[in-house]
Amino acid sequence: MARFELKLPRMGESVAEATITNWLKQVGDKIEADEAVLEVATDKVDSEVPSEVSGVLVEQLFSKDDLVEVGQTIAIIETEGEDEDAVVEVEETIAPEIIEEVTKTIEIAKETVAVPAITNSNSEKFFSPLVKNIAAAEGIGIEELEKIPGTGSEGRVTKNDILEYLKNRTNAPQVEAVKEVVEVVEAVSSKSVAPVSVSGGDEIVEMDRMRKLIAGYMISSQQTSAHVYSFIEVDMTNIVKWREKHKNEFEKREGEKLTFTPIFMEAVAKALKDFPGMNISVDGDYIIKKKNINLGMAAALPNGNLIVPVIKNADQLNLVGMAKAVNDLGNRAKLGKLKPDETKGGTYTVTNVGSFGSVFGTPIINQPEVGILALGAIRKVPAVIETPEGDFIGIRQKMFLTHGYDHRIIDGALGGMFVKRVAEYLENFDITRTI
């Protein structure tokens, strides 16, 4: 039969590898052309890998959680129909004493799956719990296990490696028995052991993959950057009135909603051109001055997680282009349709904490950037209004801007001047502007 090698496709210019998060098809499953075979994840975006041909999945070359490089073969698909005459009924060829031995082996695997019989204490190599339990069930010691050639990441021994080794070590029926052990082990080991509620009334839920990644990023950023914050209040009255006047006309003409976000992004892009010292990143003892202004836009997902799509060359967009970019990235973020490249390359990030009613917030810097701006809620407040005839109290639409910056490289003068410039662009917004 013809064999087709399914390779990890390119997912963007800056993406060189991905982690397998789930096999949607198992060995023996029929696959149609363009049907998803597995799910992979980069550091932020999940994607499906479809088959280019129709056939039967005969081999998985990597396991769940393995790291795979772009272009590597991840599965083998037979592109011709299955030959029914070639199917062997293994049950008819297994002697009763072998069946009894297989049953004992499965029971041993079930009992030992939670506590692997082989540890890595005497070995420099890493072996997954699944591989160790297969080895334990087959009586393979650590010395023998270390000699098995590994095809996984960094030479790691995978499930397929040890099964292939067992083919040459035992007869075929026993290999089939081990495969049955594998199914038991995978079913049991896929359920992580969660902490137990003492009262019995608490619900304990494991963090999903993205939440674990976010947690790691946040801790790493706090440990990397010396966070410091500057706050400034902005009068948004003119912008609120201008948007109210033009939003319906804009939506009819462009088919896009006109939110406050593109107005904020435009002001930030202008301020970054005025203060290029904020449009940098730090690599050890070196400062990298960024040529392009690429604005990250923190977006909340329906499951509560966050993702930061990036508006590339934001300073080159007019307000219409900015609105379209904001709406497009925001909508596709909610649908999980972002491409890996669309979350990379940011030089400065903006997060709208006001969309959830917060007056202001103290966000964590998105590494390796050196600054992040939090937009608070726009509120009607009493304010002192200065006029040639004197001061009086009036109702104004105001909001707080919170500028968080890396004090290793950004001092208070630059951090304060930058956020003040953003405020000036917003307060001096041209109310006669057309769009």
Side-chain angles (χ1 to χ4, degrees), residues 232-274 292-302 306-339 342-343 346-360 372-381 383 394-401 419 421-435:
I232 193 166
E233 192 174 28
V234 184
D235 191 331
M236 293 288 293
T237 307
N238 288 340
I239 289 178
V240 170
K241 291 179 179 178
W242 181 87
R243 174 182 172 271
E244 189 64 29
K245 178 181 178 180
H246 292 281
K247 65 179 184 180
N248 292 332
E249 174 194 348
F250 182 84
E251 186 170 2
K252 287 180 182 178
R253 189 185 75 220
E254 302 293 341
E256 302 276 354
K257 290 187 179 297
L258 179 60
T259 66
F260 290 108
T261 303
I263 300 173
F264 295 139
M265 290 297 192
E266 182 185 59
V268 171
K270 288 180 179 178
L272 286 172
K273 291 191 75 171
D274 295 340
N292 300 324
I293 295 176
N294 300 333
L295 293 183
M297 180 183 71
L301 301 178
L306 286 173
I307 196 166
V308 185
V310 177
I311 302 173
K312 304 291 177 64
N313 298 309
D315 58 313
Q316 298 178 20
L317 298 175
N318 60 20
L319 195 55
V320 175
M322 189 74 78
K324 288 181 178 293
V326 166
N327 291 340
D328 174 55
L329 290 173
N331 292 334
R332 287 194 291 115
K334 293 177 182 177
L335 297 173
K337 300 296 184 182
L338 289 175
K339 300 174 183 177
E342 291 174 326
T343 63
T347 60
Y348 189 90
T349 296
V350 178
T351 179
N352 190 352
V353 299
S355 60
F356 304 104
S358 296
V359 177
F360 55 79
I372 185 169
L373 186 71
L375 311 169
I378 300 174
R379 303 163 299 129
K380 288 184 179 179
V381 296
I395 303 299
R396 306 295 288 179
Q397 301 267 10
K398 291 203 170 187
M399 68 178 291
F400 283 103
L401 300 179
V419 70
R421 184 61 55 85
V422 174
E424 289 171 351
Y425 278 126
L426 294 174
E427 290 187 336
N428 296 322
F429 188 87
D430 183 6
I431 58 175
T432 64
R433 182 177 184 177
T434 59
I435 187 170

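Positions are given from 1, in the same order as the sequence printed here. Any value given below was found using the heavy atoms of this structure, including those in side chains, with hydrogens, waters and symmetry copies removed.
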State the CG-CG distance between L375 and N352, to the nearest 0.5 angstrom.
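Reported to 0.5 Å precision, the distance equals 5.0 Å.
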Once you round to the nearest 0.5 Å, how far does CG of N428 lie from CG of N238?
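Atom-to-atom, N428:CG and N238:CG are 9.0 Å apart.
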What salt bridge (Lys or Arg N to Asp or Glu O under 4.0 Å) pairs are there with at least one residue in residues 260-271, not counting sequence neighbours?
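Of all non-adjacent pairs touching residues 260-271, those that pass salt bridge (Lys or Arg N to Asp or Glu O under 4.0 Å) are E266-R433.
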Kindly give the heavy-atom pair with the smallest separation between F429 and I263, and that separation in Å.
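Shortest heavy-atom separation between F429 and I263 comes out as CE1-CG2, 4.1 Å.
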Partner residues of K257 under the salt bridge (charged side-chain N to carboxylate O under 4.0 Å, His left out) criterion, sequence neighbours left out:
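Salt bridge (charged side-chain N to carboxylate O under 4.0 Å, His left out) check on K257 returns E251.
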So, using salt bridge (charged side-chain N to carboxylate O under 4.0 Å, His left out) as the criterion, who are the partners of K247 when residues are at least two apart?
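Scan of K247 (salt bridge (charged side-chain N to carboxylate O under 4.0 Å, His left out), adjacent residues dropped) gives E244.
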Once rounded to the nearest 0.5 Å, what's the spacing between atom CD1 of I435 and atom CZ of R253?
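Here the rounded value is 6.5 Å.
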Evaluation steps, side-chain contact (heavy atoms from CB on, under 4.5 Å), between L295 and L272:
CA-CA 10 Å; L295 293 183; L272 286 172; 3.6 Å; yes
Greater than 12 external heavy atoms within 6.0 Å of F360's CZ
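No, not enclosed.
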Residues 311-323, side-chain donor-acceptor partners within the protein, below 3.5 Å, at least two apart:
residue	atom	partner	partner atom	Å
K312	NZ	D341	O	3.3
N318	OD1	V320	N	3.2
N318	OD1	G321	N	2.7

Heavy atoms only: give me the nearest I372-Y348 pair and the separation to one decimal.
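In terms of heavy atoms, the two residues are closest at C-OH, 3.5 Å.
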If I compare all heavy atoms of A267 with all of L426, which pair ends up nearest, and what's the gap?
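Closest heavy-atom pair between A267 and L426: CB-CD2, 3.8 Å.
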Check salt bridge (charged side-chain N to carboxylate O under 4.0 Å, His left out) between R421 and all other residues, then give those that pass, not counting sequence neighbours.
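Result, salt bridge (charged side-chain N to carboxylate O under 4.0 Å, His left out) vs R421: D274, E424.
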Rounded to the nearest 0.5 Å, what separates atom CE in M399 from atom CZ in F264?
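M399 CE to F264 CZ: 4.0 Å, rounded to 0.5 Å.
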Any donor and acceptor pair, going by atom type alone, linking the side chain of T351 with main-chain N or O of A374 inside 3.5 Å?
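No, T351 side chain to A374 backbone: no donor-acceptor pair under 3.5 Å.
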Please give me the minimum heavy-atom distance between M297 and V308, naming the atom from each residue.
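Between these two residues, the closest heavy atoms are N-CG1, 3.6 Å.
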Check this for me, if you would: do D328 and K324 make a salt bridge, where the nitrogen-to-carboxylate-oxygen distance has to be below 4.0 angstrom?
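No, this pair does not count.
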Once you round to the nearest 0.5 Å, how far does OH of Y425 lie from CG of D430?
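Answer for the OH-CG pair, Y425 versus D430, is 14.0 Å.
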Is any side-chain heavy atom of F260 closer than 4.5 Å to a side-chain heavy atom of V240?
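The answer is yes, as the side chains (C-beta and beyond) meet within the 4.5 Å cut-off.
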What's the shortest heavy-atom distance between P309 and L338, and which atoms?
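Minimum heavy-atom separation between P309 and L338: CB-CD1, 4.0 Å.
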Which atom of G376 lies closest to which atom of V353, heavy atoms considered
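Closest approach of G376 to V353: CA-CG2, 4.1 Å.
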Find the distance between CZ (R379) and CE (M236) and round it off to the nearest 0.5 Å.
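Answer for the CZ-CE pair, R379 versus M236, is 12.5 Å.
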Would you confirm whether T237, through its side chain, and Q397, through its main-chain N or O, come within 3.5 Å as a donor-acceptor pair?
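Confirmed, T237 side chain pairs with Q397 backbone.
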Are T347 and N292 packed together at the side-chain level, in the sense that at least one heavy-atom pair is separated by less than 4.5 angstrom?
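A side-chain contact under 4.5 Å is absent here.
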Run the salt bridge (charged side-chain N to carboxylate O under 4.0 Å, His left out) test against E427 and tell me which residues pass, sequence neighbours left out.
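Testing E427 for salt bridge (charged side-chain N to carboxylate O under 4.0 Å, His left out), a comparison that skips the adjacent residues, returns none.
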Checking I431 against K241 for the side-chain contact (heavy atoms from CB on, under 4.5 Å) test, could you report, in this order, the C-alpha distance in whole Å, the side-chain angles of both residues, the deciding distance, and whether it holds?
CA-CA 8 Å; I431 58 175; K241 291 179 179 178; over 6 Å; no
